[in-house]
Amino acid sequence: MNNRELADTFTLIADLLEIKGEIIYKTLAYRKAAESLAVLDRDAKAYWKEGTLREIPGVGEAIAGKIEELLKTGKLKFLTKLKKEVPPSLAEWLKVPGLGSKKVGLIWKTLKIKTLPQLEKAARAGKLRDLPGMGAKSEAAILAGIESLARRSGRIPLARAYPLALEIAAALKKVPGVVSAEPAGSLRRMRSDVGDIDILIAAAHSGAVMEAFTSLPGVARVLGRGETKSSVEFGDGVRAQVWVHPPERFGTALQYATGSKDHNVKLRELALKKGYSLSEHALKRTNGGSEILCATELEVYRTLGLPWIPPELREDHGEVEAARQGRLPRLIETKDIVGDFHIHTTGSDGRLSVLEMARAALKRGRKAIAITDHSVGLGIAGGLDIARHERQAEEIRRAQETLGGAITILHGSEVEIRADGTLDYPDEILAGLDLVVASLHTGLRQPREKVTARALKAIRNPHVDILAHPTGRLLPDREGADLDMEAVFAAAAEAGVALEINSHPNRLDLDDPHARRAKELGIPIAINTDAHSEEDLDRLFYGVSIARRAWLGKEDVINAWPVEKLLAWLKKR
DNA sequence: GCCGTTTTCGGCCCGACTGTTTTCAGTCG
């Protein structure tokens with residue numbers, strides 16, 4: 001049982017306990033443990049073997065025991081019993097916007113129904129409106145929620161949400177009286193997918209902003225509209241909300257709206273210890289109640305005795321403690337990147353020639369690139385056979401001659417890791433390349449032992465420099481290969497092979513917990529665009545965001561090294 | 001159920017909006 005499955009199990013337990021009416025803090029404890037497991041950078045199994053399960057945040061005696069039982073037997077007696085008391089299908093109802101555990105429990109117990117279709121039928125038949133505390137409006141809201149659930153495919157990939165958020169913010173910035181408009185929430189923390197879009201507005205009055213927001217083009221439904229907060233749903237089910245706060249309170253408001261929830265809890269606890277109550281409106285002295293207004297986030301953190309914490313770190317993964325002790329990392333920035341070592345051209349499935357790609361990279365300030373077209377085995381992408389591959393060397397030589405010393409063009413390859421773990425080109429070809437990127441594209445569904453063995457074999461090939469998009473995941477739908485990541489890390493650390501953070505917004509692979517673990521083990525990281533066109537070169541920003549979420553500095557990333565250092569590293573390998 | 005530079009027991013962040021309410025509960029972030 002992997003971390004994801006463990007996390008899902010504890011989330012289910014929390015859902016069912018909450019519907020059952022268990023005290024809220026117990027259900028919160030299960031959710032906290034589930035969240036920790038979901039973002040854990042190593043297999044829970046490794047903690048179990050070491051006897052350190054309780055070092056996982058939110059895991060105490062009881063939950064550690066349950067993890068152990070799940071890892072040992074794949075089952076959990078506690079959950080089996082719970083499922084008999086509360087039908088597990090009810091957990092699905094909680095996903096319906098506007099439905100919480102209280103109403104779910106009420107409807108289930110009163111009407112004796114337990115599936116989503118039964119719920120929809122009951123709502124259509126007008127059977128919900130007569131329940132205590134409910135009326136025709138809540139019945140209609142539940143129906144609308146069920147329909148909205150069907151439209152939405154779940155979480156929104158950053159690649160869709162980020163441009164939309166910028167668009168909304170730009171539109172609202174134009175409203176008279178608006179001082180600033182900033183995306184907040186998980187999007188500002190650059191999570192690879194987000195639940196909804198949050199925009200924070202600084203303005204003295206909110207009326208005009210709310211009017212403009214709720215009538216934006218594409219808005220299908222207004223979910224709520226108030227003085228300080230409104231929310232809407234777009235046609236494709238994406239939800240957005242805005243908060244409006246006075247400019248002199250924008251700092252506390254933006255801090256609050258950026259989250260994460262757990263980070264805010266930590267901060268508010270710290271505030272209480274220092275004699276303040278922290279809310280989105282202000283810091284308030286607990287003795288006397290006078291307010292301290294913060295127009296910027298910097299003032300909020302400073303008042304609490306902390307340096308400003310970059311949004312990407314605000315996940316309650318130790319950043320508040322690090323800030324208190326003055327050991328926040330100096331995070332890598334997009335402007336630090338000088339190299340891009342995973343680029344395609346017309347040689348395989350790219351759109352531009354070597355020269356055109358090199359010019360485009362140069363225009364973006366890159367000082368070194370590697371041309372890494374697919375190898376012959378990936379027929380679908382027009383992989384290069386050995387003869388065509390060798391002819392490409394000439395194309396690269398001419399491009400280098402044309403551009404002179406402004407940019408270093410390396411001749412590389414994205415070489416397939418075959419089903420048996422061997423590479424797609426013979427060693428003598430690989431030996432002649434400047435840089436070798438190895439990738440898994442096929443056989444991703446192989447069992448853990450087999451697919452891991454392939455990755456390890458590739459890492460141990462002395463010619464391989466970078467393992468690209470290690471798990472092969474595609475957001476939002478395709479899960480990555482079931483790799484034993486600890487084994488991959490151990491092999492990469494030993495061989496000195498770099499692991500890639502692929503900047504394609506549907507990949508973002510390594511993800512941030514794995515990238516953070518790789519850094520801990522001293523493994524060099526490559527942030528590459530995997531560009532197939534000129535515009536693709538601009539998505540570097542997404543990869544850098546993942547690196548920042550993983551606490552990486554520029555020293556950890558080979559693309560940020562001076563070219564001489566990079567060349568020396570390649571030569572030594 | 002977890003956790004501790006206030007506590008090993010008694011807390012566990014704080015507020016907006018909606019609907020069904022005549023003072024509040026439920027949901028959400």
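Convention: sequence-line order gives letters A, B, ...; per-chain numbering from 1.
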> How about A:Arg129 and A:Ser138: do any of their side-chain heavy atoms sit closer than 4.5 Å?
Replying inline: no
>> Does any part of the side chain of A:Glu315, heavy atoms only, come nearer than 4.5 Å to the side chain of A:Arg191, both counted from C-beta?
In response: yes
>> Counting the atoms with a prime plus P, OP1 and OP2 as sugar-phosphate, which does A:Lys66 contact under 4.0 Å by heavy atoms, base, sugar-phosphate, or nothing?
In response: sugar-phosphate
> Looking only at atom P, what distance separates B:dG10 and B:dG15, rounded to whole Å?
Replying inline: 26 Å
Listing, residues 98-108 of chain A side-chain donor-acceptor contacts under 3.5 Å, not counting sequence neighbours, or none:
unit_1	atom_1	unit_2	atom_2	d
A:Ser101	OG	A:Glu18	OE2	3.1

> In chain order, what residues pass the ring-ring contact (aromatic ring centres under 6.0 Å, His included) check against A:Tyr47, with sequence neighbours excluded?
Replying inline: none
Polar pairs (N or O, both sides) under 3.5 Å between protein and nucleotides 6-8 of chain B?
none

> Once you round it to whole Å, what is the distance between C1' of B:dG4 and NZ of A:Lys266?
Replying inline: 12 Å
When the side chains of residues 3-10 of chain A are checked against the rest of the protein, which donor-acceptor pairs come out under 3.5 Å, sequence neighbours left out?
unit_1	atom_1	unit_2	atom_2	d
A:Asn3	OD1	A:Ala44	N	2.8
A:Asn3	ND2	A:Arg42	O	2.8
A:Arg4	NE	A:Asp8	OD1	3.4
A:Arg4	NH2	A:Asp8	OD1	3.0
A:Glu5	OE1	A:Asn2	N	2.9
A:Thr9	OG1	A:Glu5	O	2.7

> Do the side chains of A:Phe250 and A:Thr296 get nearer than 4.5 Å, heavy atoms only?
Replying inline: no
> Per the side chain to side chain contact (heavy atoms under 4.5 Å, CB included) rule, which among A:Thr258, A:Val194, A:Leu313 passes with A:Arg189?
Replying inline: A:Thr258
> Along nucleotides 20-29 of chain B, 5' to 3', which nucleotides get a B, which get an S, and which get a -, given that the test is a protein heavy-atom distance under 4.0 Å?
Replying inline: S-----SSSB
> Taking DNA chain B as the partner, which of residues 15-38 of chain A come within under 4.0 angstrom of it by heavy atom?
Replying inline: A:Ile23, A:Tyr25, A:Lys26, A:Ala29, A:Tyr30
